[in-house]
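Treat the numbers as computed from the prediction; the structure is a model and nothing was measured. Convention: sequence-line order gives letters A, B, ...; per-chain numbering from 1.
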Amino acid sequence: MQIFVCIKQVPDSGQIRVHPVTNTIMRQGVPTIINPYDLFGLEQALRLRDRFGGEVTVMTMGPPMAVDSLRKALTFGADRGVLLTDRVFAGSDTLATSYALSYLIRKAGETWGAPDIVFCGKQTIDGDTAQVGPGIARRLGLSQLTYVSGIDDMDLTDRQILVRRRGDHGVQVLRSRLPVMVTMMEGSNEIRRGTQADALRAARAEIVQWNAATVGISDTSLCGLRGSPTVVKKVFAPTARDEKAEMISTEGISPSGMAEALVDQIFSRQPGLRDDLFRQAAGH
Amino acid sequence: MNTKSSRPAGGGRASMKRELPERFRSYRHVWVFIEFEHGRIHPVSLELLGEGRKLADQLHVDLAAVIVGSGRAALHEVAATTFSYGADVAYIADDPVLADYRNEPYTRVITSLVETYQPEIMLLGATVLGRDLAGAVATTLKTGLTADCTELAIDGERSLAATRPTFGGSLLCTIHTLNYRPQMATVRPRVMAMPTAQERQSGRIVEFPVDLREEDMITKVLDFLPDTANEAAQLAFADIVVAGGLGLRTSENMQLVRDLAQVLGGDWGGSRPLVQKGWIPAERQIGQTGKTIRPRLYIAAGISGAIQHRVGVEGADLIVAINTDPQAPIFDFADIGITTDAITLLPTLTRVFRQRLAVNRMAG
Ligand SMILES: Cc1cc2nc3c(=O)[nH]c(=O)nc-3n(C[C@H](O)[C@H](O)[C@H](O)COP(=O)(O)OP(=O)(O)OC[C@H]3O[C@@H](n4cnc5c(N)ncnc54)[C@H](O)[C@@H]3O)c2cc1C
Ligand SMILES: Cc1cc2nc3c(=O)[nH]c(=O)nc-3n(C[C@H](O)[C@H](O)[C@H](O)COP(=O)(O)OP(=O)(O)OC[C@H]3O[C@@H](n4cnc5c(N)ncnc54)[C@H](O)[C@@H]3O)c2cc1C
């Protein structure tokens with residue numbers, strides 16, 4: 001079977017710093033990682049390949065340096081990596097991103113065979129919209145299965161797939177038909193350690209690189225900033241609530257003294273809450 | 001690409017005046033998608049009606065509830081509820097195919113409703129259902145969708161200014177959809193205040209005919225396994241919440257947080273790193289990617305106050321921060337602060353609260 005896994009290279013959020021004056025993110029020297037949510041899809045893809053055979057292709061749209069993430073994915077055992085990179089994609093919002101990715105997936109399908117499953121991450125840790133997966137599904141006419149906590153069964157001849165999906169109030173058991181777009185819940189599996197052979201292969205592998213023209217995009221007005229209906233108007237630091245917090249003094253005061261002062265302060269600010277607490281206590 | 005630097009805020013290409021094309025000029029009214037599943041309305045839908053009412057009043061247009069499901073009586077009852085929460089109009093799509101949420105038929109119905117009645121704004125909850133649906137609808141309509149907003153406003157040109165927190169520390173961004181309609185946004189549960197219901201309000205009901213056949217549906221719902229009511233689910237609704245962060249140093253010290261919460265009859269939680277370290281279960285995480293809380297009292301011990309945490313607690317009536325670092329960002333939005341070791345102060349605070357309540361019990 002053919003499985004495609006969409007991954008996004010994201011800055012390692014633990015190491016992001018914001019410039020105190022300009023309010024811009026200082027990316028210089030910030031290491032990048034594969035969006036952690038995408039690894040649950042990748043591992044699921046590898047497990048399906050273990051069971052049913054076939055190929056796992058990882059793909060991304062991003063700057064040239066995104067090849068590093070694809071190579072990393074190969075070390076876990078993916079068969080090949082494809083990068084879609086072109087200046088026309090700069091500034092894409094989710095609509096423009098799913099537009100570009102749908103062309104990438106179509107072209108990859110023509111090249112290696114149409115995908116039975118396209119995996120996307122549940123969301124990213126930077127844009128964090130969870131909108132690209134549904135966008136791809138819609139554009140390619142794939143059945144959309146988001147927040148999947150497990151794939152229970154699949155039949156390649158019947159083209160049926162049985163999944164559990166995490167809803168807001170419980171778990172839905174769904175049957176659908178391939179091809180599907182799946183996003184996996186976090187914690188549904190753990191990415192394997194690749195083999196030594198995978199690591200060697202990944203280091204040498206040639207990452208396929210395409211641009212807008214090679215994947216067949218002729219109308220670049222639907223790409224990048226121009227193709228993005230959303231516009232970021234303003235980026236700003238949150239303002240302090242009203243004023244800084246009122247500080248309880250601690251100089252030469254014992255913990256008991258501090259606690260007494262703190263409770264006094266809380267009760268004087270929230271007399272209603274105090275009364276309710278006393279009422280509850282008395283009721284017991 | 002896809003970065004802040006390539007999505008300029010002001011000054012750059014993005015701020016170029018973009019005209020609303022003629023075909024969108026007639027789009028009017030504010031819509032709220034009502035999440036109605038397993039016989040209950042998701043509270044976020046009512047919160048959105050409260051927020052939608054404000055936007056509609058500012059724009060001098062109607063507020064409409066969009067109700068999708070199966071069963072005439074039940075759906076009309078939902079409509080009546082939405083009227084009491086401020087809706088002027090309710091669009092009802094009623095069909096057995098719509099009984100359980102599935103992306104395909106719901107996307108079809110909502111997009112055809114939008115194409116028929118042309119709203120200028122459409123709001124959905126940023127729940128599992130809402131996120132699944134919104135992305136598919138926006139892509140079908142080829143319009144903009146802003147995710148996980150914490151603030152909505154109307155600017156000088158009838159445009160929706162949707163503000164959301166962004167990754168990596170203390171930033172928010174305001175996003176507009178200038179030349180497409182409807183302007184779509186999702187909002188997390190408990191970010192907006194729950195409005196109070198008005199008795200006996202009435203509104204206009206529009207029954208929207210749908211043409212769906214079960215045979216055409218590729219995805220089938222075979223079963224639904226409801227969650228057993230677990231206590232952590234109550235965290236979002238607790239009156240008092242005590243939470244711990246990395247400043248507590250060890251997972252054992254979380255007990256100090258639980259003890260204080262218990263004395264106060266409240267609930268407890270923590271920052272995200274504690275989930276990652278396995279000190280607390282994921283459903284106890286408070287913040288952008290965890291629970292949003294709106295308690296009357298929130299006590300944060302050893303939490304720095306990163307923006308992703310802040311957005312989850314800002315709706316609290318009173319925020320108390322205990323942190324050894326006087327420069328910790330949490331003091332920028334806490335109401336009461338104390339710079340001291342939380343590991344020492346927490347048990348003392350628990351004892352003082354217990355004493356005060358006990359004294360009162362004897363008096364009462
Ligand atoms: C601060 C900020 C706020 C933003 N807010 C919005 C907003 O509200 N609405 C909006 O439309 N856009 C928004 N954007 C733009 C958005 O982040 C980009 O369009 C981004 O390319 C994709 O969105 P995401 O990161 O949210 O992905 P998600 O939709 O969260 O990603 C889900 C999955 O899709 C796949 N995927 C996503 N991007 C790629 C890629 N480039 N290559 C391969 N697979 C991919 C991955 O599998 C990923 O796990 C914002 C950007 C910034 C910087
Ligand atoms: C996409 C994304 C989503 C996120 N979502 C969330 C979320 O939902 N919720 C969330 O909480 N975080 C979230 N985060 C993480 C967030 O950015 C912060 O990293 C996190 O909130 C920090 O947790 P903390 O305050 O416990 O730890 P730290 O930031 O390490 O703070 C510890 C604090 O404890 C203080 N301290 C140390 N010792 C003591 C002591 N003895 N007594 C008192 N104080 C002491 C220190 O001064 C410090 O201020 C998210 C991050 C990203 C990138």
For chain A, which of [options] has the most heavy-atom pairs under 4.5 Å?
options	value
B:T339, B:T344, B:D148	B:T339
B:T163, B:L297, B:D341	B:L297
B:T350, B:T107, B:T143, B:L145	B:L145
B:T177, B:L129, B:I336	B:I336

To the nearest 0.5 Å, tell me how far [X] [atom1] sits from [Y] [atom2].
X	Y	atom1	atom2	result
A:S249	B:I338	OG	CD1	8.0 Å
B:L318	A:Q270	CG	CD	5.0 Å
A:H169	B:E37	NE2	CD	5.0 Å
A:R175	B:K220	CZ	NZ	7.5 Å

State, to 0.1 Å, how close [X] and [Y] come at their nearest heavy-atom pair, and which atoms those are.
X	Y	result
A:T230	B:G144	CG2-CA, 3.7 Å
B:Y180	A:P229	CD1-CB, 3.3 Å
B:A136	A:P134	N-CB, 3.9 Å
B:V128	A:R166	CG1-O, 3.3 Å

Task: Worked check of salt bridge (charged side-chain N to carboxylate O under 4.0 Å, His left out) between B:R131 and A:D168 - done: CA-CA 11 Å; B:R131 281 184 151 207; A:D168 290 296; over 6 Å; no

Which bit of [X] comes within less than 4.5 Å of chain B, counting heavy atoms only: side chain, backbone, both or neither?
X	answer
A:L162	side chain
A:L174	both
A:Q9	neither
A:L145	side chain
A:L262	side chain
A:T146	both
A:T250	side chain

Could you look at [X] and say if it's the side chain, the backbone, both or neither that has a heavy atom under 4.5 Å from chain A?
X	answer
B:A138	backbone
B:Q183	neither
B:L264	both
B:L222	both
B:T289	side chain
B:T127	both
B:V320	side chain
B:D132	both
B:T186	neither

Do the charged groups of [X] and [Y] touch, with an N to O distance under 4.0 Å?
X	Y	result
A:E260	B:R356	yes
B:D223	A:R164	no
B:D317	A:R269	no

Report yes if some heavy atom in the side chain of [X] is under 4.5 Å from a heavy atom in the side chain of [Y]; otherwise report no.
X	Y	result
B:F353	A:I266	yes
A:S98	B:T139	yes
B:I175	A:V231	no

Open item on the list: Under a 3.5 Å threshold, yes or no: a donor from one side chain and an acceptor from the other, between B:T219 and A:R177?
Closed with: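 Looking only at side-chain atoms, A:R177 and B:T219 do not form any donor-acceptor pair under 3.5 Å.
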
TODO: Dump the intermediate steps for side-chain hydrogen bond (donor to acceptor under 3.5 Å, both in side chains) on B:D100 and A:Q172, then the final yes or no.
DONE: CA-CA 9 Å; B:D100 288 309; A:Q172 269 186 331; 5.6 Å; no

Open item on the list: Quick one, B:R164 with A:T129, criterion side-chain hydrogen bond (donor to acceptor under 3.5 Å, both in side chains). Give me CA distance, side-chain angles, the key distance, then yes/no.
Closed with: CA-CA 10 Å; B:R164 59 172 306 214; A:T129 64; 5.8 Å; no

- [ ] Take B:L357 and A:L277 through the test side chain to side chain contact (heavy atoms under 4.5 Å, CB included) and record every step on the way to the result.
- [x] CA-CA 7 Å; B:L357 295 177; A:L277 276 173; 3.9 Å; yes

- [ ] Verify, without hydrogens or angle tests, whether A:E246 (side chain) and B:D335 (backbone) share a donor-acceptor contact under 3.5 angstrom.
- [x]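 A pair under 3.5 Å: no.
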
